[in-house]
K.L.:
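Structure provided below as structure tokens; questions to follow.
We're numbering straight along the sequence, starting at 1. Scope of the values below: all heavy atoms of this structure, side chains included, with no hydrogens, waters or symmetry mates. Not measured: the values here are computed from a predicted model.
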Amino acid sequence: MATTTWPAALTWRLGRQLLDPPAGSSVPHVVGALGAVAAQLEPTWAELGLRTRMRESRTGDVERAVDTGTVVRTFAFRGAVHLMTPDLAAVHLALRTSSRMWERASWREFYRLEPGDWPDLVEAVRDALAPGPLTRDALADAVTAHARFAHLRDALTDPSVTFLKPLAWQGALCLGPVRDGALTLRSLATVPDWPGLPDLDDAGPRAVAAYLHAYGPASADHLVYWLSQGLGVRRALLPRWVDTLGERVAHVEVDGDPLLVLREDLDDVVAATPRGTVRLLPRYDPWVLGPGTADEHVVPPALRPEVSRGAHVVLVDGVVAGTWARRGDDVTVTWAADGCRPDDTALDAEVERLGTLVGAELRRVTA
């Protein structure tokens with residue numbers, strides 16, 4: 001079995017996630033490299049995380065990508081809003097759909113829909129959205145015009161959007177462009193390159209490979225966290241999907257931990273050399289959400305509560321070494337008691353780069 005260290009593995013992952021160097025050529029390029037990007041809370045932070053990884057970017061790039069359909073915005077992991085490329089959205093939604101949550105007795109009773117009603121409901125939603133994006137009220141008007149679904153207006157317009165999620169998972173809709181300050185709903189059939197939902201046995205191995213490609217080396221527990229806890233698939237399916245990948249998956253020992261990695265990435269993982277890379281990332285960035293804040297190799301236990309609550313993070317060679325906050329033009333950096341502190345020059349350069357992205361002349365303040 002090949003061996004390496006966590007600093008080397010995280011250095012490779014920084015490159016894979018386009019953080020060192022910032023090498024993203026477009027929003028779809030970066031989103032595809034990350035697999036899925038959380039975008040439910042404060043979309044500006046999701047955009048900042050993506051732009052941090054790009055060689056060149058402009059404010060509004062994410063919304064333009066959603067508008068053209070090169071990126072899909074929909075409900076995915078843990079029911080939250082995520083950005084994905086159309087091909088990976090299809091893969092992840094196929095996994096999410098496999099739970100068939102809408103067939104539970106509580107759903108059947110509350111929404112007065114039987115499992116056999118859903119195919120026709122999905123078709124009614126697709127038909128309504130075929131001409132173009134609609135607001136939730138407009139979609140409700142169209143769907144409830146069918147006598148069979150006349151009772152669903154409150155469900156379709158409920159601010160909790162709970163009822164919209166299984167419609168999104170089944171490929172009927174996604175979140176469309178913002179129009180006059182209101183979010184719209186869009187048919188996935190109108191998204192360029194939308195492939196439709198694959199079979200679960202096809203989607204599962206592809207989801208495992210996508211995760212390992214972005215967040216490897218990874219353990220079986222990481223796959224459970226991302227695909228089972230995140231998308232609701234049965235844990236028993238995960239080993240089978242790994243086996244299906246066969247020789248595409250290799251094993252590597254990282255500081256004594258036996259982990260999985262794609263064979264095509266193995267040599268680069270082992271050869272990676274840390275170089276003191278410093279990055280300022282916004283809250284809930286994929287860097288920490290992908291492996292999970294419980295992964296102490298990325299988020300030291302002492303910092304986990306702050307990171308889980310949404311602190312902006314300072315990475316040093318991929319490890320969260322502190323947090324940052326902006327007030328006006330001041331960026332205050334607070335270091336963990338036992339965290340690795342980088343050279344001031346490297347940190348100041350990263351603060352300056354952050355300022356370029358947000359359009360301000362920022363200065364660093366150490367707490």
K.L.:
More than 12 foreign heavy atoms under 6.0 Å from CD of Glu56: is that the case here?
P.N.:
no
K.L.:
With ring centroids as reference points, do Phe77 and Trp226 lie under 6.0 angstrom apart?
P.N.:
yes
K.L.:
Could you state the interatomic distance from OG1 (Thr157) to CZ (Arg153), rounded to the nearest 0.5 Å?
P.N.:
6.5 Å
K.L.:
Would you call Arg240 and Asp201 a salt bridge, using N to O less than 4.0 angstrom?
P.N.:
yes
K.L.:
Which pair of non-hydrogen atoms, one from His312 and one from Ala325, has the smallest distance, and what is that distance?
P.N.:
CD2-CA, 4.5 Å
K.L.:
Determine yes or no for a side-chain-to-main-chain donor-acceptor pair under 3.5 angstrom, with Tyr284 supplying the side chain and Arg309 the backbone.
P.N.:
yes
K.L.:
Stepwise, does the side-chain contact (heavy atoms from CB on, under 4.5 Å) test hold for Trp12 with Val270?
P.N.:
CA-CA 8 Å; Trp12 171 83; Val270 172; over 6 Å; no
K.L.:
Is the shortest side-chain N to carboxylate O distance from Arg73 to Asp67 below 4.0 Å?
P.N.:
no
K.L.:
May I ask you to decide whether Arg100 forms a salt bridge with Glu103, counting only side-chain N to carboxylate O separations under 4.0 Å?
P.N.:
yes
K.L.:
Backbone N or O of Trp6 within a donor-acceptor pair of the Asp255 side chain at under 3.5 Å?
P.N.:
yes
K.L.:
Name all residues meeting the side-chain hydrogen bond (donor to acceptor under 3.5 Å, both in side chains) criterion together with Asp61; count only those two or more places apart in sequence or in a different chain, and write none if there are none.
P.N.:
Arg64
K.L.:
Between Asp202 and Arg206 (salt bridge meaning N to carboxylate O under 4.0 Å), is one present in this structure?
P.N.:
yes
K.L.:
Measuring from atom NE2 of His29 to atom CG of Leu34, what distance do you get when rounded to the nearest 0.5 angstrom?
P.N.:
9.5 Å
K.L.:
So, for Tyr215 and His222, is the gap between ring centers shorter than 6.0 Å?
P.N.:
no
K.L.:
Is the side chain of His92 donor-acceptor paired with the backbone N or O of Leu88 at a distance under 3.5 Å, no angle test?
P.N.:
yes
K.L.:
Please say yes or no: joined through hydrophobic side-chain contacts below 4.5 Å, possibly via intermediate residues, are Val358 and Leu347 part of one cluster?
P.N.:
yes
K.L.:
Check whether any side-chain N or O of Arg126 sits under 3.5 Å from a backbone N or O of Ser187 as a donor-acceptor pair, and report yes or no.
P.N.:
no
K.L.:
One pair to check against side chain to side chain donor-acceptor pair (under 3.5 Å): Asp87 and Thr85. What are the steps and the verdict?
P.N.:
CA-CA 6 Å; Asp87 59 332; Thr85 56; 2.5 Å; yes
K.L.:
Write down the atom of Arg263, the atom of Val249, and the distance for their closest heavy-atom approach.
P.N.:
NH2-O, 3.4 Å
K.L.:
Can you sort out the partners of Arg341 under side-chain hydrogen bond (donor to acceptor under 3.5 Å, both in side chains), two or more places apart, ordered by chain and number?
P.N.:
none
K.L.:
If you count every heavy atom of other residues, nucleotides or ligands that lies below 6.0 Å from Glu352 atom CD, does the total exceed 12?
P.N.:
no
K.L.:
I need the minimum non-hydrogen distance between Gly276 and Asp317, along with the two atoms involved.
P.N.:
N-OD1, 2.9 Å
K.L.:
Looking at Val298 and Arg13, what are the two nearest heavy atoms and their distance?
P.N.:
CG2-NH1, 3.9 Å
K.L.:
Is there a donor-acceptor pair under 3.5 Å between the side chain of Glu47 and the backbone N or O of Gly60?
P.N.:
yes
K.L.:
Could you check whether Arg364 pairs with Asp344 (Lys NZ or Arg NE/NH1/NH2 to Asp/Glu carboxylate O, under 4.0 Å)?
P.N.:
yes
K.L.:
Taking 4.0 angstrom as the limit, do Arg112 and Asp117 come out as a salt bridge?
P.N.:
no
K.L.:
According to side-chain hydrogen bond (donor to acceptor under 3.5 Å, both in side chains), does anything in residues 271-282 pair up with another residue at least two apart or in another chain? List the pairs.
P.N.:
Asp20-Arg275, Asp20-Thr277, Arg279-Glu350
K.L.:
Please report the shortest heavy-atom distance between Val191 and Cys174, naming the atom on each side.
P.N.:
CG2-SG, 4.3 Å
K.L.:
Please report the interatomic distance CG(Leu134) to OG1(Thr184), rounded to the nearest 0.5 Å.
P.N.:
8.0 Å
K.L.:
Heavy-atom count around Arg104 CZ within 6.0 Å, excluding the residue itself: above 12?
P.N.:
no
K.L.:
Do side-chain atoms of Trp102 reach the backbone of Trp107 as a donor and acceptor pair under 3.5 angstrom?
P.N.:
no
